[in-house]
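These figures come from a predicted structure and were not determined experimentally. Within every chain, numbering begins at 1; the chains are lettered A, B, ... in the order of the sequence lines, protein sequences first and strands thereafter.
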Amino acid sequence: MERPRHQGMAKNTYMRWRLPLVCLLWEVAMIVLFGVFVRFSPEADAHWEEEKREMNLTSDIENDFYFRYPSFQDVHVMIFVGFGFLMTFLKRYGFGAVGFNFLLAAFGIQWALLMQGWFHSFKSGKILIGVENLINADFCVGSVCIAFGAILGKTSPIQLLVMTLFQVTLFAVNEYILLNLLHVKDAGGSMTIHTFGAYFGLTVTRILYRPNLEQCKDKQGSVYHSDLFAMIGTLYLWMYWPSFNSAISDHGDAQHRAAINTYCSLAACVLTTMAFSSMLQKKGKLDMVHIQNATLAGGVAVGTSAEMMLTPYGSLIVGFICGIVSTVGYVYLTPFLESRLHIQDTCGIHNLHAMPGLIGGIVGAITAAAATEDVYGKEGFIKAFDFTGAYQTRTPSVQGGFQAAGIVVSLLIAFAGGALVGAILKLPVWGDAAAENCFEDDIYWEVPEDEESEAYHMHNPDKPASP
Amino acid sequence: MERPRHQGMAKNTYMRWRLPLVCLLWEVAMIVLFGVFVRFSPEADAHWEEEKREMNLTSDIENDFYFRYPSFQDVHVMIFVGFGFLMTFLKRYGFGAVGFNFLLAAFGIQWALLMQGWFHSFKSGKILIGVENLINADFCVGSVCIAFGAILGKTSPIQLLVMTLFQVTLFAVNEYILLNLLHVKDAGGSMTIHTFGAYFGLTVTRILYRPNLEQCKDKQGSVYHSDLFAMIGTLYLWMYWPSFNSAISDHGDAQHRAAINTYCSLAACVLTTMAFSSMLQKKGKLDMVHIQNATLAGGVAVGTSAEMMLTPYGSLIVGFICGIVSTVGYVYLTPFLESRLHIQDTCGIHNLHAMPGLIGGIVGAITAAAATEDVYGKEGFIKAFDFTGAYQTRTPSVQGGFQAAGIVVSLLIAFAGGALVGAILKLPVWGDAAAENCFEDDIYWEVPEDEESEAYHMHNPDKPASP
Amino acid sequence: MERPRHQGMAKNTYMRWRLPLVCLLWEVAMIVLFGVFVRFSPEADAHWEEEKREMNLTSDIENDFYFRYPSFQDVHVMIFVGFGFLMTFLKRYGFGAVGFNFLLAAFGIQWALLMQGWFHSFKSGKILIGVENLINADFCVGSVCIAFGAILGKTSPIQLLVMTLFQVTLFAVNEYILLNLLHVKDAGGSMTIHTFGAYFGLTVTRILYRPNLEQCKDKQGSVYHSDLFAMIGTLYLWMYWPSFNSAISDHGDAQHRAAINTYCSLAACVLTTMAFSSMLQKKGKLDMVHIQNATLAGGVAVGTSAEMMLTPYGSLIVGFICGIVSTVGYVYLTPFLESRLHIQDTCGIHNLHAMPGLIGGIVGAITAAAATEDVYGKEGFIKAFDFTGAYQTRTPSVQGGFQAAGIVVSLLIAFAGGALVGAILKLPVWGDAAAENCFEDDIYWEVPEDEESEAYHMHNPDKPASP
């Protein structure tokens with residue numbers, strides 16, 4: 001049996017039996033669990049004609065599919081192309097970025113359908129899934145993609161799968177606490193997706209701290225075309241974020257409003273990002289890292305409040321602030337976190353997801369607390385916050401308090417969960433690479449020997465030529 | 001008159017008069033035929049207000065446009081960006097991949113509107129087209145894009161147009177036999193699109209066998225960034241495949257269900273592809289060829305059954321199997337087909353479309369044969385299989401038999417048609433390149449002289465510098 | 001304070017304080033104006049339940065959101081990815097292409113919401129916005145992206161923001177004159193977006209004429225991968241153009257018809273573009289510049305008439321002609337405009353937007369003038385041209401005359417506005433680069449030092465190495 005190529009290293013990155021085993025066993029587990037539990041929701045089941053009659057629907061267009069499917073596809077693009085390509089900015093980690101993101105997301109959505117299904121769509125022993133479940137599964141995986149950004153280039157695919165398994169589980173628990181126990185609104189996931197995902201990922205990367213990572217500082221940069229590939233990811237995230245924040249809002253005005261608020265916030269965010277990117281650099285030049293990331297902070301930060309009556313100018317204000325906070329974070333906070341707190345955050349998720357996610361939670365709490373029947377209308381007020389049944393008597397300010405509690409819960413579960421999962425990932429059995437081989441596709445991928453890499457080697461004479 | 005650059009070659013690849021002539025004459029033919037035959041369907045015609053009244057529709061939202069347009073756009077992206085970029089993996093054939101795919105698809109959709117129109121939308125001497133026709137035209141062209149994958153890099157644009165003309169025609173005939181005569185269900189086209197398209201293309205490439213193709217073995221590989229471009233194609237195909245398989249299903253539950261089944265199948269397929277990609281390589285590294293292609297096999301293989309009650313776990317099983325079959329095919333079957341059967345399959349369509357297409361046909365036949373009124377509901381059962389009119393008494397097992405017959409018919413027409421078209425394309429008048437110039441954009445495209453190609457030439461001293 | 005790098009030059013391109021100041025002040029202005037003026041339309045407002053009752057709507061699906069949101073997202077992709085990536089063809093201006101397009105569009109949509117809002121959605125002191133406003137704002141910015149194409153690589157980001165401010169304003173005025181005063185139909189914007197945007201941009205670039213631009217002729221070309229990036233832009237524009245032309249058409253048949261007509265026109269356009277690209281080149285090879293641009297002319301040219309009863313074959317004819325006109329323009333007209341008229345048109349917008357836009361206006365006028373009650377049906381006729389109220393007695397031929405007047409008005413405002421804005425942009429305070437630094441990201445962007453640029457420098461020994 002041939003040994004892996006980098007024989008001299010302390011770490012064994014040989015994936016041949018470990019990765020296939022994990023993938024196949026877990027997929028078999030998914031099949032068994034789906035076989036036991038998962039069925040179609042009434043709107044996707046062939047009994048729909050009877051359902052329609054019972055629900056007094058006159059047309060197939062009333063099927064939830066037509067309310068949500070376009071948004072679902074946009075969200076799907078965000079998860080696979082958006083996050084995948086956003087992370088291709090590294091000069092020699094494009095395959096890992098887009099490929100591992102593909103792997104973890106494909107596994108994660110299956111596990112999320114189960115976990116979220118048990119909590120939210122469980123009826124007489126079965127999980128009944130429809131288009132809304134697909135969106136929620138993508139959302140859940142979004143939080144894993146975020147965490148992946150912190151550890152990008154430093155972990156093996158098995159580690160990513162293990163992290164996905166645990167993070168999806170914890171996500172579902174946290175989501176259940178927020179949405180069902182605290183009765184909190186968070187349609188675009190400022191708290192459940194961004195705050196949770198980012199602080200989870202930051203905790204994991206803190207625990208996986210690698211002291212010698214500056215050895216491959218040169219590989220942590222981009223090249224010209226990798227920056228353009230990353231912009232594909234950025235733009236798809238940016239353009240489809242209105243779909244993200246509105247995808248699971250109530251039918252009608254709530255979806256409509258969430259899209260508009262997000263559109264406004266993101267537009268404002270681009271201008272302040274550009275302003276601060278230029279302002280914080282001595283030569284006044286723009287930095288692609290900021291444009292690729294901080295421009296998106298506005299979408300994160302209206303994730304809770306977009307479906308509320310935040311109003312377009314409120315959205316502009318949120319976007320304005322977040323572009324600044326995020327860009328400043330890239331310039332000052334990221335280096336500080338790395339050197340002082342030993343948090344090595346490859347993509348800067350602290351700036352793009354953690355801080356804007358917190359802001360989003362707070363904006364949501366304030367917007368909820370400030371709600372009045374005057375602004376929402378009598379019916380709209382009840383509908384917007386689901387002040388029905390057990391929550392009939394809840395007031396806006398109490399709702400604001402619960403929203404704030406949601407932030408705290410998300411943070412706590414993220415820290416505790418991240419610490420646990422980080423400790424698990426630190427076990428020396430998962431095949432992660434040594435520090436000097438980080439940010440290098442060559443470890444886990446067949447990389448074509450091409451003109452570019454030859455040119456690359458040529459200019460790096462100290463690097464031995466590939467065999 | 002200047003002669004083409006590669007003067008020493010036996011083959012004349014000079015396109016200047018031949019390509020324009022074909023393009024212009026055929027487009028004029030399209031205009032004439034559209035002028036004689038094509039009009040708007042009632043839902044796209046200005047008489048819609050009257051139609052609405054007749055059909056007792058209360059709202060414009062009942063227009064088929066709103067049921068299908070989002071899916072149409074997703075399918076459109078799959079045909080032009082999905083297939084186009086998937087084929088850009090070759091280091092020096094990106095222009096041809098995306099550009100010729102653009103050309104053949106743009107012609108093909110017009111001819112498909114006519115051919116399919118005569119068979120399916122012909123009313124009192126006119127073809128009445130609406131959004132469903134656009135989707136079907138895109139579908140039909142999808143089968144040509146598949147066949148293009150087998151001959152990628154080895155044919156002239158004129159050959160591709162000739163192939164498109166014939167293949168679209170044969171597609172329409174085969175589709176008519178399956179859908180109308182055999183009354184077979186095949187909404188996502190496992191049989192009509194994938195099985196037919198792939199075996200057609202494989203037959204064509206067999207007949208166009210080039211013994212000396214190993215001369216340009218080096219050009220059949222990828223470079224780092226061309227693999228990333230190809231991943232754009234892969235991901236768009238993967239993400240939008242739920243739209244593909246649900247685009248022309250019945251309104252309501254069938255569209256909803258088809259999307260869910262496809263989503264599940266594709267997710268499972270990614271995991272088994274990754275597993276076997278790593279397992280079948282001595283060093284245990286992942287191969288981008290597999291990730292780019294085999295991950296999609298799950299979408300192909302539920303093309304017939306997605307709108308049936310395949311159930312989510314059934315979909316996972318299909319995806320599980322197809323990821324394995326397809327990856328194993330890339331590793332073992334493709335070399336075998338090339339060396340023993342002289343089938344030179346550039347993109348490996350045998351693994352991505354042919355085998356999964358067959359599996360899809362079989363899964364469809366089994367799923368249909370296993371259908372019961374209990375699972376579908378009385379109305380749902382009749383609606384799902386159109387057991388009305390002349391087919392009122394058809395039983396599920398008979399339907400399963402007809403589905404199986406559909407596979408056989410598709411194969412027969414693909415082989416016969418492919419042989420015929422291959423023979424036509426072998427005529428020495430179409431301007432295809434000599435073997436040593438295959439997989440090279442330079443023959444048919446103005447290629448910029450740039451740093452990369454200079455670096456390329458520099459490292460290939462035996463290649464003469466461009467003039 | 002460090003000085004900008006290119007010290008020897010006459011021009012000061014230092015952006016550090018100027019760009020941030022403009023971005024921040026203007027964004028604050030947006031917030032204030034939005035705060036004073038912008039609110040949600042009834043369909044996006046929480047009072048929607050009451051609205052529904054008043055409008056006698058039985059279902060949330062009747063919310064305009066569901067009629068237009070999928071089209072909105074497609075248009076959004078066209079503006080940010082379509083235009084952005086289309087312009088990445090230059091070998092060293094990819095950051096500027098996609099980044100500045102991002103900046104100007106993000107600002108432009110905000111200002112357009114205000115300007116168009118004051119003209120069209122102003123009710124009791126407030127601008128009420130919904131999804132249609134978002135689409136219109138994107139449309140308006142589309143005309144700025146077009147103009148950007150003419151001056152690509154030659155202007156500073158501040159100049160682009162200034163141009164956006166003025167052009168959006170003039171766009172809104174012109175649009176108001178056409179749609180409200182002349183009562184002209186132009187749903188896809190052949191006149192308001194393309195003719196206006198292109199002639200505006202051409203006038204601006206004429207006034208900003210740089211005599212020494214041939215100094216950087218080598219940088220005006222593409223490299224292999226930059227041409228592939230540009231094809232991403234091309235294909236997204238091409239695929240989503242049916243959504244563009246149908247996005248704000250009347251619900252029902254008009255949207256449906258506009259999509260079909262555009263689909264047909266674009267398909268035909270590809271074939272004639274390929275034909276003439278090959279025919280007009282001595283070696284008969286295809287030119288990526290034509291494929292990237294002229295294939296889109298068919299979408300531009302049915303922008304006015306797509307929602308009318310142009311019919312599929314009429315659309316094919318328009319596409320046929322425009323592919324030819326546009327390709328011929330690239331080969332013969334662009335060099336002529338540059339050498340004789342001193343119009344330096346980086347992307348060739350004269351061929352892609354100006355001429356096809358004019359053709360589109362004319363085709364629209366003819367199609368309107370030829371309308372009959374027989375073709376449209378009595379109700380359809382009135383609905384298609386809004387022949388109600390004050391326009392009850394307008395005849396098709398009169399409508400055709402007004403359509404033609406719309407072209408003239410658009411041209412006049414484009415020329416006058418372009419001259420004014422060009423003069424403003426000529427002021428020496430905006431930080432544009434010297435001629436020898438045009439088409440170079442290095443001036444305004446942090447560009448990674450990578451293998452490719454090293455290879456680049458290596459082959460350009462006269463260029464000093466970066467510090």
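Neither the backbone nor the side chain of A/Val36 has a heavy atom closer than 4.5 Å to any heavy atom of chain B. Of the atoms belonging to A/Leu113, it is side-chain heavy atoms, and not backbone ones, that fall under 4.5 Å from chain B. Within the 4.5 angstrom heavy-atom criterion, only side-chain atoms of A/Ile232, from C-beta onward, approach chain B. For a residue to count as touching a neighbouring chain, one of its non-hydrogen atoms must lie under 4.5 Å from one of that chain's; by this rule A/Asn101 does not touch chain B.
The one candidate from A/Ile31, A/Val38, A/Leu33 that meets the side-chain contact (heavy atoms from CB on, under 4.5 Å) condition with B/Leu316 is A/Ile31.
Aromatic rings of B/Trp238 and A/His76 (six-membered ring for Trp) have centroids within the 6.0 Å cut-off, being under it. For B/Tyr236 and A/Phe80, the ring centers sit 6.0 Å or farther from each other.
No hydrogens or angles considered: a donor-acceptor pair under 3.5 Å links the side chains of A/Ser59 and B/Glu62.
Of the charged side-chain nitrogens involved, at least one lies within less than 4.0 Å of a carboxylate oxygen, so that B/Glu379 and A/Arg53 count as a salt-bridged pair.
Taking every heavy atom of both residues into account, B/Ala259 and A/Tyr69 meet most closely at CB-CE1, 3.8 Å. The two residues A/Asp442 and B/Lys285 make their nearest non-hydrogen contact at O-NZ, 2.8 Å. Closest heavy-atom contact between A/Trp445 and B/Met288: CZ3-SD, 3.4 Å.
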Full working for side chain to side chain donor-acceptor pair (under 3.5 Å) between B/Tyr263 and A/Asp138: CA-CA 11 Å; B/Tyr263 177 94; A/Asp138 272 28; 2.8 Å; yes

